[in-house]
Amino acid sequence: MAGTVAETVANIPHAAERAMYGAIVDNLVKKLGSKDPSSRTETYLKILDATEKFIGTEKGKEKFARVRKYMENPENRWMQFLNRVIDETDPHYAKQFILNLGYEAFLRGTKTIRKNREKYGCNIPWLILFDPTDACNMHCIGCWSGTYGHKHNLSFEDMDKIVTEGKALGTYLYMLTGGEPLVRKDDILKLAEKHNDAMFALFDNSTLIDEELCKKVVKLGNISFMLSIEGTPDTNDARRGDGHYEACMKAMDLLKKYGIIFGTSICYTRDNIEAVTDKKFIEFIADKGARFGFYFHYMPVGHNAVTSLLPTTDQRKMIIERLREVRTGDNNIGFFPMDFQNDGDFVGGCIAGGRNYFHINANGDAEPCVFIHFSDTNIHENSILEMLQSPLFQAYHEGQPFNRNHLRPCPMLENPKLLREIIEKTGAKGTNFESEETVEELCGKCDDYAAEWAPVAEDVWAHQKHRDPGYENYTKEKREHPELANFDHIDGHHGIDLPEEKVG
């Protein structure tokens, strides 16, 4: 039966397939409007069955069985979380959100991406991050964007090209940052309307969100927000400026009022890490309506960098424990946190260089990561595929994972010798035209931190249980020979003996 469904889906045009799933999703959203727990459970199980049939593979049956067990229990914490999201989300917005993120990006997009990775022999990302503009109406302490100036913008045609070519490769999720993306509000709304089958998520400072925008976002149904916030009014405004905390609270209230799904973007530093991981703070932003959050380790990027903001090793150990406790502990906090630097075990290490994402700045330069400001291609001269096949991106593809301890995933922050070698090998050029930073200047700010964190990370890693990695999107050679999936491919262990992984 599963094979028949998969074959049928594979043989109908995309537009017809989307229309078919759109009708299914519309019906499911209406049924989910019921407050009856048994009706909802039945609906969730139908969604799960349809998903498993669409994937049409024996692989992952154990995971589907585990999810099915959760869904059969309405008292399960994460089912209560899901019900809460359904209840507070505008129905039209919910339909578009599920259709674009669920069907287009997760189901159809993932299958297309995996085929294209094999076809083209390079990384193909699940999401693309791009900057509509360098311009920002704020001046946060330690932010590299403060040295970029306001000169660079992607034209609407540039952004349209990114999305059009990305979708052709299977990429249906786009995250926008900057600068402040809503400085280009009109073009972003136009882009989301044209590409109404893609999902757009904005890393946003909250200050330009108003009633008019919320009404347009609900009508479109394919825009979400990650609002920047850093703890209490004092810890937040100390870095982001007086009045920002109040603006963020207002934006949260508006998004919740209009039933728009949103999350948070939190940069943790030595100064605010206690505040942004405090249980009361997390409960507070959950009550405000945030349902997910990205936690980003402060990166000493650019000449504005303040290295004293780098967390201590004890603080980094602490945030690992606290955020995982929020996710797995016995609590009913309606918030799912993701730690960009410390959750490598769940995604197989560094996800940059197109492995799961890459970045295009406001000048059009393709950077392997939003924190790695070097490039050898540009959207004005190259296609998305040419970017992914460039020497710089292929060096990432061949190098990943940069460390088999996924608490040390980054070739810059935790393995700075590797980034030096990649830039030297590929000849990639710096992309900050206002105040260019050499790779030696950048990595020099990371050397001491990397050396201090290494033995602590090895101790933490050795005492953790590690999941079965499954599909990790490394090179074919490393998939077939997992013992190669460490950083010996560059020049040995770099002075540290790594423990064997514990799988449990």
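Keep in mind that the numbers below use all heavy atoms, side chains included, and drop hydrogens, waters and symmetry copies. For clarity, every value in this text was computed on a predicted model and none was experimentally measured.
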- Would you kindly say whether E211 and Y258 are connected by a side-chain donor-acceptor distance under 3.5 Å? yes
- Query: Any chance the side chains of D271 and T269 put a donor and an acceptor closer than 3.5 Å?
  - Reply: no
- Partners meeting ring pair (Phe, Tyr, Trp, His ring centres under 6.0 Å) with F336 (sequence neighbours left out): W78
- Task: Look only at the side chain of W461 and the backbone of H406, and say whether a donor-acceptor pair between them is shorter than 3.5 Å.
- Result: no
- Task: I would like to know whether E72 and R68 meet salt bridge (Lys or Arg N to Asp or Glu O under 4.0 Å); could you show each step before the answer?
- Result: CA-CA 6 Å; E72 289 171 346; R68 185 170 284 102; 5.3 Å; no
- Message: Going by the rule salt bridge (Lys or Arg N to Asp or Glu O under 4.0 Å), which residues pair with E193 if we only count those two or more places apart in sequence or in a different chain?
- Response: none
- In chain order, what residues pass the salt bridge (Lys or Arg N to Asp or Glu O under 4.0 Å) check against K288, with sequence neighbours excluded? D253
- Item | Contacts of type side chain to side chain contact (heavy atoms under 4.5 Å, CB included), residue A251, not counting sequence neighbours | S206, I209, L227
- Is it true that D197 and R18 have a side-chain N and a carboxylate O under 4.0 angstrom from each other? no
- Heavy-atom pair with the smallest gap, counting every atom of A366 and M387: CB-SD, 3.6 Å
- Item | Heavy-atom donor-acceptor pair, R355 side chain to H397 backbone, under 3.5 Å | no
- Can you list the residues that meet the side chain to side chain contact (heavy atoms under 4.5 Å, CB included) rule with Y70, with sequence neighbours excluded? R66, N76
- Item | For R316, all residues meeting side-chain hydrogen bond (donor to acceptor under 3.5 Å, both in side chains), sequence neighbours excluded | N342, E414, Y449
- Query: Judged by modelled atom types alone, do T133 and N153 share a side-chain donor-acceptor pair under 3.5 Å?
  - Reply: yes
- Query: Does the gap between the ring centers of F130 and H359 come in under 6.0 Å?
  - Reply: no
- Donor-acceptor pair, Q400 side chain versus A352 backbone, under 3.5 Å? yes
- Note on the structure: Those residues at least two apart in sequence (or on a different chain) that pass ring pair (Phe, Tyr, Trp, His ring centres under 6.0 Å) with Y396 are F402
- Message: Assess whether a salt bridge exists between R40 and D87, defined as any Lys/Arg side-chain N lying under 4.0 Å from an Asp/Glu carboxylate O.
- Response: yes
- Message: Quick test of your reading of the model: are E42 and K46 salt-bridged, counting only N-O distances below 4.0 Å?
- Response: yes
- For the pair T89 (side chain) and A94 (backbone), establish whether a donor and an acceptor sit closer than 3.5 Å, ignoring hydrogens and angles. no
- Judged by atom type as modelled, is there a donor-acceptor pair below 3.5 Å linking the side chain of R77 to the main-chain atoms of N331? yes
- Within the side chain of E165, is there an N or O that forms a donor-acceptor pair under 3.5 Å with the backbone of S383? no
- Task: Just grab all the ring pair (Phe, Tyr, Trp, His ring centres under 6.0 Å) pairs involving residues 201-230, residues at least two apart or on different chains.
- Result: F203-F296
- Set of salt bridge (Lys or Arg N to Asp or Glu O under 4.0 Å) partners for K250, sequence neighbours left out: none
- Would a distance-only check, ignoring hydrogens and angles, find a side-chain to backbone donor-acceptor pair under 3.5 Å from D343 to M338? no
- Message: Under the rule for ring pair (Phe, Tyr, Trp, His ring centres under 6.0 Å), what residues qualify as partners of F393, not counting sequence neighbours?
- Response: F358
- Message: For the OG1 atom of T171 and the CG atom of L388, what is their distance to the nearest 0.5 Å?
- Response: 8.0 Å
- Do side-chain atoms of D160 reach the backbone of F156 as a donor and acceptor pair under 3.5 angstrom? no
- Message: Please check this pair: side chain of Y172 against backbone of Y103, looking for a donor-acceptor N/O pair closer than 3.5 Å.
- Response: no
- So with a 6.0 Å cut-off around NZ of K317, is the heavy-atom count from everything else above 12? no
- Note on the structure: Heavy atoms of L129 and L176 approach each other most closely as CD1-N, 4.0 Å
- F335 atom CZ: more than 12 heavy-atom contacts under 6.0 Å: yes
- Using a strict 4.0 Å threshold on nitrogen-to-oxygen distance, state whether E180 and K185 make a salt bridge. no
- Query: Can N473 and R114 be counted as having a side-chain donor-acceptor contact under 3.5 angstrom?
  - Reply: no
Taking only distance into account, with no hydrogens and no angle test, what donor-acceptor pairs under 3.5 Å do side-chain atoms of residues 278-287 form with protein atoms, sequence neighbours excluded?
from: D278; atom 1: OD2; to: K280; atom 2: N; distance (Å): 2.9

- Item | Set of residues satisfying ring pair (Phe, Tyr, Trp, His ring centres under 6.0 Å) with respect to Y44, sequence neighbours excluded | none
- Message: Using modelled atom types and a 3.5 Å cut-off, is there a donor and acceptor pairing between side-chain atoms of Y268 and backbone atoms of P311?
- Response: no
- Item | Donor-acceptor side-chain pairing of E104 and H14 below 3.5 angstrom | yes
